[in-house]
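Each residue takes its place number in the sequence, starting with 1. In this text, all values refer to a predicted model and were calculated from it rather than measured experimentally.
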Amino acid sequence: MQRDTLAQSWRLPRACMLKAAAFLLLGNLLLTGCRGPIADEAPTSETAVVTIFAAASLTDVFQQASLAFGRSGHTGNVVFNFAGSQQLAGQLREGARADIFASANERQMEAAIDAGRIEKTSVKTFACNRLMIGYGQPAAGTVGTLSAIADASPAIESLLKLAQPGHKIIVGAEAVPIGLYTRQFLAKAEQDERLGPAFRAGFEANIVSEEQNVRGILSKLQLGEADAGVVYASDLVGVTNLQGVEIPAHLNVSAAYPIALVRDSTQPEQAATFVTFLFSEEGSAVLESHGFSTECRARGIGDAPDILSAEASDHANE
């Protein structure tokens, strides 16, 4: 009697379990019917994503170039990692994944080459820049600020004011491209008979901050944390709250921007297409509209380097 009772108590939950399983199966079939046939589902392949490591000074122009690139009918997504070129070269050295590296100077491109991430023969200069002195807007009620002096003074006179005591100047750190170019400018100024060693000494005495990229210099100038800073000409294009003074050509520095595909790029064809676009007439127009020059290229507009072929040749020889 006790055994029959136990058997019945076991059969009851088991029957409930079978019913529950049947309901779950029915529900699953109904849900499958709502989704539609598998053959009608969208493809699972993802859109190609090209990752570009680019110098901070390329932020605005590359974002504009990517929009123009898309409007030209090119497929795929372009994502950026903007930072100081030395930081990007360090990330590549540590194994960070990228498809393209665009540096603000050759030194950091060479660092990426030495790390084995870039093939030297694929590197091409796609644009150049020059230095300018950026000035913050004068505060309300102030007289005789650097920006006011810059409006009415020749370039050399404006530079001399920078070496006078009491001014705050921001530059790039020595390891940063803008910082290296700034020191090259100061070395030239030191040899100029109108400026000389006294100018360089006074200028350097007024430096209050050394930034890790040029965007840091711009930000502090816009916040009023300094009177002046050395930036690129392209940085002042379209900026309404800063003024700029040209550095004379014989003291200025041509900042070359090299670009190359990363050797282990997962999207070499799409990446090469973006680089080719930069060398096209449309891509060149975008660069020039942001204050960059394309006259320094080894090849003319529309004659883009065959970077993809260089990459393929390199891998074939490995």
Side-chain angles (χ1 to χ4, degrees), residues 43-127 177 213 256-280 282-284 286-287 292 294 297-299 301-318:
T44 57
S45 59
E46 297 181 356
T47 303
V49 176
V50 176
T51 302
I52 302 177
F53 279 27
S57 54
L58 294 169
T59 300
D60 294 336
V61 67
F62 265 25
Q63 288 177 339
Q64 183 65 37
S66 69
L67 293 176
F69 180 71
R71 288 195 299 267
S72 298
H74 296 91
T75 58
N77 296 323
V78 177
V79 296
F80 296 103
N81 176 19
F82 294 111
S85 296
Q86 79 290 349
Q87 295 172 319
L88 298 173
Q91 291 173 17
L92 289 173
R93 184 174 57 250
E94 295 299 321
R97 197 200 77 76
D99 299 298
I100 296 172
F101 179 36
S103 173
N105 71 355
E106 295 177 355
R107 175 180 293 185
Q108 300 307 326
M109 183 61 77
E110 290 171 356
I113 292 171
D114 293 341
R117 299 301 304 278
I118 299 291
E119 168 56 36
K120 186 174 183 179
T121 59
S122 73
V123 179
K124 300 294 179 182
T125 297
F126 71 96
N213 60 64
Y257 284 68
I259 193 168
L261 263 63
V262 178
R263 292 181 67 181
D264 56 356
S265 167
T266 59
Q267 303 292 342
E269 293 184 4
Q270 291 84 351
T273 301
F274 182 82
V275 175
T276 300
F277 173 78
L278 292 178
F279 280 82
S280 70
E282 185 177 2
S284 299
V286 173
L287 289 165
F292 290 86
T294 59
R297 292 174 174 173
R299 305 188 183 196
I301 293 175
D303 188 15
D306 192 354
I307 293 179
L308 187 58
S309 295
E311 289 289 312
S313 175
D314 172 61
H315 290 303
N317 295 326
E318 289 180 348

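Screening residues 60-71 for salt bridge (Lys or Arg N to Asp or Glu O under 4.0 Å) gives Asp60-Arg215 as the qualifying pairs, with residues at least two apart or on separate chains. Listed by first and then second residue, the salt bridge (Lys or Arg N to Asp or Glu O under 4.0 Å) pairs involving residues 105-118 are Arg117-Asp264 (not counting sequence neighbours). Applying the ring pair (Phe, Tyr, Trp, His ring centres under 6.0 Å) test to every pair with at least one member in residues 91-125, sequence neighbours left out, gives no pairs at all.
Within the 3.5 Å criterion, the main-chain N or O of Ala104 finds a donor-acceptor partner in the side chain of Ser85. At distances below 3.5 Å, not a single donor-acceptor pair connects side-chain atoms of Thr125 with backbone N or O atoms of Ala127. Remark: side-chain polar atoms of Ser122 are not paired, donor with acceptor, to backbone N or O of Ile118 under 3.5 angstrom.
A donor and an acceptor atom, one from each side chain of Glu119 and Thr121, are located under 3.5 Å apart.
In this structure Asn81 satisfies the side-chain hydrogen bond (donor to acceptor under 3.5 Å, both in side chains) test together with Gln91, sequence neighbours excluded. For the side-chain contact (heavy atoms from CB on, under 4.5 Å) test, residues two or more places apart in sequence or in another chain that qualify with Arg93 are Ala115. Partners of Gln87 by side-chain hydrogen bond (donor to acceptor under 3.5 Å, both in side chains), not counting sequence neighbours: none found.
The CD1 atom of Ile113 sits 11.5 Å away from atom CG of Leu92, with the distance rounded to the nearest 0.5 Å.
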Can you give each donor-acceptor pair under 3.5 Å made by side-chain atoms of residues 49-59, sequence neighbours left out, with the distance rounded to 0.1 Å?
residue	atom	partner	partner atom	Å
Thr51	OG1	Arg97	NH2	2.8
Ser57	OG	Tyr257	OH	2.8
Thr59	OG1	Ala56	O	2.6

Sequence neighbours excluded and cut-off under 3.5 Å, please list the side-chain donor-acceptor pairs for residues 62-70, or say none.
residue	atom	partner	partner atom	Å
Ser66	OG	Gln63	O	2.7

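Nearest heavy-atom pair across Met109 and Pro258 is CE-O, 3.5 Å.
Judged by a 6.0 Å distance limit and a 45° cone about the ring axis, Arg297 is positioned over the six-membered ring of Phe279.
Side-chain contact between Ile100 and Val262: absent, with no pair of heavy atoms (C-beta onward) separated by less than 4.5 Å.
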